[in-house]
There are 2 protein chains.
Amino acid sequence: MAQSAPTHDPTPDAELDELVGAFDAFVKAAKRSRARAEPGGAALTSSQVDLLHPLLDCEPGGLGLRELARLVGIAAPTATRMVDGLECRGFVTRARDPEDGRAVRIALTAEGTEVLLERRAQMLARRRAMFDLLTPSERRAAAKVLARLATAFERS
Amino acid sequence: MAQSAPTHDPTPDAELDELVGAFDAFVKAAKRSRARAEPGGAALTSSQVDLLHPLLDCEPGGLGLRELARLVGIAAPTATRMVDGLECRGFVTRARDPEDGRAVRIALTAEGTEVLLERRAQMLARRRAMFDLLTPSERRAAAKVLARLATAFERS
DNA sequence: TATTGTTATACTCTATAACTATA
DNA sequence: TATAGTTATAGAGTATAACAATA
């Protein structure tokens with residue numbers, strides 16, 4: 001295999017294999033790390049964090065359910081169910097839209113905002129702890145590589 | 001905050017923020033890419049692929065259910081249910097262990113092996129397509145960075 | 001008629017607790 | 001009694017289809 005094309009791409013297969021292997025190891029390590037950090041005691045699951053996130057940066061009135069579902073990328077009935085639970089626990093409010101009797105406005109409560117921000121801060125702290133293990137030059141290289149891989153993902 | 005420790009780490013906060021941002025973008029791109037590649041038409045979900053994987057490289061007799069569950073990192077009843085479905089579809093066999101009446105041996109069928117290898121090849125092809133978008137030097141840098149991040153994950 | 005949200009239903013993945021059969 | 005596996009049960013997350021209320 002790899003009949004040594006000598007011009008400008010010396011070892012494509014071996015390099016690809018190495019990269020694929022490194023990628024796999026990385027994904028597995030990331031999964032384990034996440035599992036370690038979310039042992040079940042967390043107030044919010046990551047799906048719930050995803051659902052609440054758009055509510056942080058929206059108008060004070062909140063968002064319609066369909067709009068929220070669309071932003072998060074889930075089906076409307078799924079959002080209904082999740083909002084049910086989060087409303088019960090006092091993290092969001094669900095109010096009839098005064099201008100459109102069909103619609104509903106979903107908004108974060110103070111407690112919901114607090115819990116969400118706390119959770120976000122925890123995640124950030126974990127990432128920082130990890131990135132602090134890198135040297136400055138490794139950090140620069142990592143930022144560059146990750147950005148490059150993100151665009152490659154989008155195009156592939 | 002950050003009272004400008006001037007000695008050897010010039011812009012730690014800005015750099016960390018950049019890295020965290022790049023990491024987020026990467027994770028999101030990876031999620032979207034995976035969603036694109038697994039639109040529901042796939043024969044196996046990724047959990048099922050994870051479950052079947054250890055059966056590829058085991059003794060011909062197959063694995064016990066508990067052993068399989070342990071390798072994959074799920075609870076035994078979860079494995080039982082998943083094996084139920086995969087057995088129905090002809091991807092694995094479940095045979096009483098002749099030497100231990102309590103135990104069961106789970107093994108891939110020819111069809112299961114084929115489907116699993118095909119799925120694995122698809123995933124590999126997708127990754128290769130992505131990695132082919134990188135230049136050789138970017139590939140080398142990426143392999144190095146991903147390996148480094150994996151060890152950082154394990155230690156953080 | 002079109003849109004918003006909800007209910008009904010179903011499937012996958014996950015877990016714990018209780019059970020059966022065998023060692 | 002200890003171990004292997006299963007059943008019972010529960011809950012989160014996901015979807016589609018059918019529905020009610022409103023525009």
Side-chain angles (χ1 to χ4, degrees), chain A residues 31-32 34-36 38-53 55 61-89 91-107 119, chain B residues 31-32 34-55 61-89 91-107 119:
Chain A
K31 264 187 198 161
R32 272 195 295 271
R34 182 153 40 103
R36 233 180 294 137
E38 288 176 22
L44 296 172
T45 65
S46 55
S47 290
Q48 287 167 337
V49 169
D50 290 345
L51 186 76
L52 294 181
H53 238 137
L55 299 174
L63 294 173
L65 187 129
R66 253 179 151 76
E67 170 79 350
L68 178 56
R70 191 186 59 74
L71 287 171
V72 177
I74 61 179
T78 304
T80 292
R81 287 263 237 96
M82 293 180 76
V83 167
D84 287 347
L86 293 166
E87 189 187 15
C88 266
R89 293 165 66 196
F91 294 154
V92 299
T93 54
R94 196 198 236 123
R96 213 83 228 180
D97 186 327
E99 298 178 4
D100 183 341
R102 301 168 299 180
V104 109
R105 311 303 299 181
I106 294 149
R119 172 66 185 280
Chain B
K31 265 188 197 161
R32 271 195 295 271
R34 182 154 40 104
R36 234 179 294 138
E38 288 175 23
L44 296 172
T45 65
S46 54
S47 291
Q48 287 168 335
V49 170
D50 290 344
L51 187 76
L52 294 180
H53 239 137
L55 299 174
L63 293 172
L65 187 131
R66 252 179 153 77
E67 171 78 351
L68 178 57
R70 192 186 57 76
L71 287 170
V72 177
I74 61 180
T78 304
T80 292
R81 288 265 235 97
M82 291 178 78
V83 167
D84 287 347
L86 293 165
E87 189 187 15
C88 266
R89 293 164 66 195
F91 294 154
V92 299
T93 55
R94 195 199 237 125
R96 214 81 229 183
D97 186 328
E99 298 178 5
D100 183 341
R102 300 167 301 180
V104 110
R105 313 302 300 182
I106 294 148
R119 173 66 184 281

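Letters A, B, ... mirror the listed sequences (proteins, then strands); counts begin at 1.
Atom CD of Q48(A) and atom P of dA12(D) are 8 Å apart (whole Å). Atom CE in M82(A) sits roughly 10 Å away from atom C1' in dT14(D) (whole-Å rounding). In this entry the distance linking CZ of R70(B) with P of dT3(D) reads 15 Å, nearest Å. The separation between L51(B) atom CG and dT12(C) atom P is 14 Å, rounded to whole Å. With rounding to whole Å, E99(A) atom CD is found 16 Å from dT22(D) atom P. Atom CG of L68(B) is separated from atom P of dT14(C) by 12 Å (rounded to the nearest Å). The CG atom of D84(A) sits 12 Å away from the P atom of dG13(D) (whole-angstrom rounding). F91(A) places its CZ atom 13 Å from the P atom of dA12(D), with the value rounded to the nearest Å.
Between the two ends of the helix from dT1(C)-dA23(D) to dA23(C)-dT1(D), each summarised by a five-pair axis, the helix axis turns through 30° (rounded to 10 degrees).
Looking at L71(A) and H53(A), their side chains never come closer than 4.5 Å, going by heavy atoms from C-beta outward. V104(A) places none of its side-chain heavy atoms less than 4.5 Å from the side chain of D97(A).
Applying the 4.0 Å criterion to OP1 and OP2 of dA15(D), one finds that T78(A) has a side-chain N or O inside that range.
Note that CG of L51(B) and OG of S46(B) are 11.5 Å apart. Values are rounded to the nearest 0.5 Å. Once rounded to the nearest 0.5 Å, the distance linking CD1 of I106(A) with CG of L86(A) reads 10.0 Å. Here the CG atom belonging to L65(B) is positioned 14.0 Å from the CZ atom belonging to R102(B), to the nearest 0.5 angstrom.
Proximity of a side-chain donor or acceptor of Q48(A) to a complementary backbone N or O of T45(A) within less than 3.5 Å is detected. Proximity of a side-chain donor or acceptor of R105(B) to a complementary backbone N or O of A95(B) within less than 3.5 Å is not detected. A distance-only check finds no donor-acceptor pair linking the side chain of R94(A) to the backbone of A107(A) [under 3.5 Å].
Considering only side-chain atoms of P77(B), the nucleotide from dA15(C), dT16(C), dC13(C) that sits closest is dT16(C).
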Review item, nucleotides 3-5 of chain C N/O atoms under 3.5 Å of protein N/O:
unit_1 : atom_1 : unit_2  : atom_2 : d
dT3(C) : O4'    : R102(A) : NH1    : 3.3
dT3(C) : O2     : R102(A) : NH1    : 3.0
dG5(C) : OP1    : L65(A)  : N      : 3.1
dG5(C) : OP1    : V104(A) : N      : 3.1
dG5(C) : OP1    : V104(A) : O      : 3.3
dG5(C) : OP2    : R66(A)  : N      : 2.9
dG5(C) : N7     : R66(A)  : NH1    : 2.8

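For residues 63-79 of chain A, the pairs satisfying side-chain hydrogen bond (donor to acceptor under 3.5 Å, both in side chains) are E67(A)-R70(A), with sequence neighbours left out.
Across all strands shown, S47(A) has heavy atoms under 4.0 Å from sugar-phosphate atoms exclusively, and none from any base.
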